[in-house]
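Everything on this sheet refers to the single structure shown next.
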There are 2 protein chains.
Amino acid sequence: MDIDKPRSRRTGRIRQAIIKSAVEIIHHEGFAALSIRRIADAIDYSPASIYEYFSNKEAIIAAVCEEGFTRLTTALTDYPPQIDSRMAVRECGVQYIRFAQANPDYFLLMFSMAATQVYSNPEESLEHELRRSPAFMVIHAHIQVLVDEGSVFVTPQYGSFQIALSAWQMVHGIAMLTLTMQRNAPIDYSVIRMTLDAWQRGFSYTEHEPQKNASDFQ
Amino acid sequence: MDIDKPRSRRTGRIRQAIIKSAVEIIHHEGFAALSIRRIADAIDYSPASIYEYFSNKEAIIAAVCEEGFTRLTTALTDYPPQIDSRMAVRECGVQYIRFAQANPDYFLLMFSMAATQVYSNPEESLEHELRRSPAFMVIHAHIQVLVDEGSVFVTPQYGSFQIALSAWQMVHGIAMLTLTMQRNAPIDYSVIRMTLDAWQRGFSYTEHEPQKNASDFQ
DNA sequence: ATATTAATTGAACGGTGTTCAGTAAATGAT
DNA sequence: ATCATTTACTGAACACCGTTCAATTAATAT
């Protein structure tokens, strides 16, 4: 069970090879073309061997998704950093959408499998859970800066966590709909930036009229 | 080829029975359990017979999705109408999210299959296309009221169409993430209403500072 | 009653995920 | 270095899948 012995290093490499070939098959031939036999072919093993390294196909897909989330996390920070915090959160959102565009099968897989798999533990609060999601925490950190510098307003019920969640929901909706319903339409990032600016304006201090009571309906 | 002759009425009924049993299988046993043989079983036909009514499995799924979109459209208008236009658009969004919660397999299927199928025609503009989508037009009509009464501001580049699209993206992101990443977390609709209020505030007239140029980045 | 058309099916093909007994290879102990 | 034991690997099989097609039955038109 030593993780650094040659044996586990070797099995680790094979696990990685399985994940890598799965990613490549999905990328080049689509998710539908992904099969155990196809993977076994690619890494020169028999189909049965795959089950030495993953308990089933679902586990392989889960590993691919995990890989995808770490790629997403790095993509979120992959842009020139020397901009003001308002633009930083906006560009972070743009990066999210860019990632979805650049890796459509990946992105759709990640957020479809999330429905099948148990990313959620009912015992644990949503906030607790999301705080362990690196991709979300990148967004949250950006929002926290806005809150700290007083660029957005918070209330006891609606703090930086809720604002960050809302930001995620906004960019996720844009990403999802451009990938599904508007798949063949060209993407105008300047329009997307206007949308994200409008979103941000909704949380900014302005002389807005008193908020309608959100519990008018049940 | 007469549509009203007994023969085509019968084939029409069988088509409907196929769709209906597909919907029920998805609902009760999940999308993974949907198979031609399973459907054939349910309607007391042989698997081969199904192909007399649908060219393949994908066509059946497409029909199920179509059914889903009409259900969604009616759900969007299914709430007390005697409220002011600002609340109307908000409650319309809430209905969207409620539909997703009430029909998770349906909803996820509709917007995952959208990636596989061709809802989009590259020849046609996005706006033209969406204008033929009833569900979107329900949202658009609500936004148009806000624009007409001057509750939200429009610019030449960002008109009622773009605002409606943004509204769709916002509620779609909320719906999708609650179904996938936060699947087991309880939903607080009062928080969601605050989010939708904030979204709307972003498009309302206020003394907000001049908008940052959206083309600072390419 | 007969000819024609449509509807239905059983059997098959090639694919899938997965299991398992059996074989080969690598490891640990002597 | 030899042997015993654990680990890795595989071929064959099972039960499923979507789909096709020749053959058969039912419905319609003449």
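With sequence neighbours excluded, the residues forming a side-chain contact (heavy atoms from CB on, under 4.5 Å) with A/Gln144 are A/His140, A/Val147, A/Asp148, A/Ser160, listed by chain and number. Residues that satisfy the side-chain contact (heavy atoms from CB on, under 4.5 Å) test with B/Thr77, not counting sequence neighbours, are B/Val138. Legend: residues meeting side-chain contact (heavy atoms from CB on, under 4.5 Å) with A/Gln95, ordered by chain and number and at least two apart, are A/Leu76, A/Asp78, A/Tyr79, A/Arg98. With sequence neighbours left out, B/Glu127 forms a salt bridge (charged side-chain N to carboxylate O under 4.0 Å, His left out) with B/Arg131.
OP1 or OP2 of D/dT10 lies within a sub-4.0 Å distance of a side-chain N or O belonging to A/Ser49.
Among the heavy atoms of the strands lying under 4.0 Å from B/Tyr45 are primed sugar atoms or P, OP1, OP2 only; no base atom is included.
Straight-line distance from the CZ atom of B/Arg9 to the C1' atom of D/dA27: 16 Å, rounded to whole Å. The separation between B/Ile60 atom CD1 and D/dG18 atom C1' is 10 Å, rounded to whole Å. For B/Ile18 and C/dA7, the CD1 to P distance is 12 Å, given to the nearest whole Å. If you take CZ of A/Phe54 and P of D/dA8, they are 14 Å apart, rounded to a whole angstrom. B/Arg10 places its CZ atom 13 Å from the P atom of C/dA6, with the value rounded to the nearest Å.
Between B/Phe107 and B/His172, the angle of the ring planes lies from 30° to 60°, which puts this pair in the tilted group.
If you check C/dT19, D/dC9, D/dT19 against the side chain of A/Tyr51, the one that comes closest is C/dT19. Taking every side-chain heavy atom of B/Glu52 into account, C/dA7 is the closest of D/dT10, C/dA7, D/dT20. Considering only the side chain of B/Tyr53, C/dA7 comes nearest among D/dT19, C/dT9, C/dA7.
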Close N/O contacts between protein and nucleotides 11-16 of chain C (under 3.5 Å):
residue : atom : partner : partner atom : Å
C/dT16  : OP1  : A/Ser35 : OG           : 3.2

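Within the structure, every pair that satisfies the salt bridge (charged side-chain N to carboxylate O under 4.0 Å, His left out) test and touches residues 34-48 of chain B, not counting sequence neighbours, is listed here: B/Glu29-B/Arg38.
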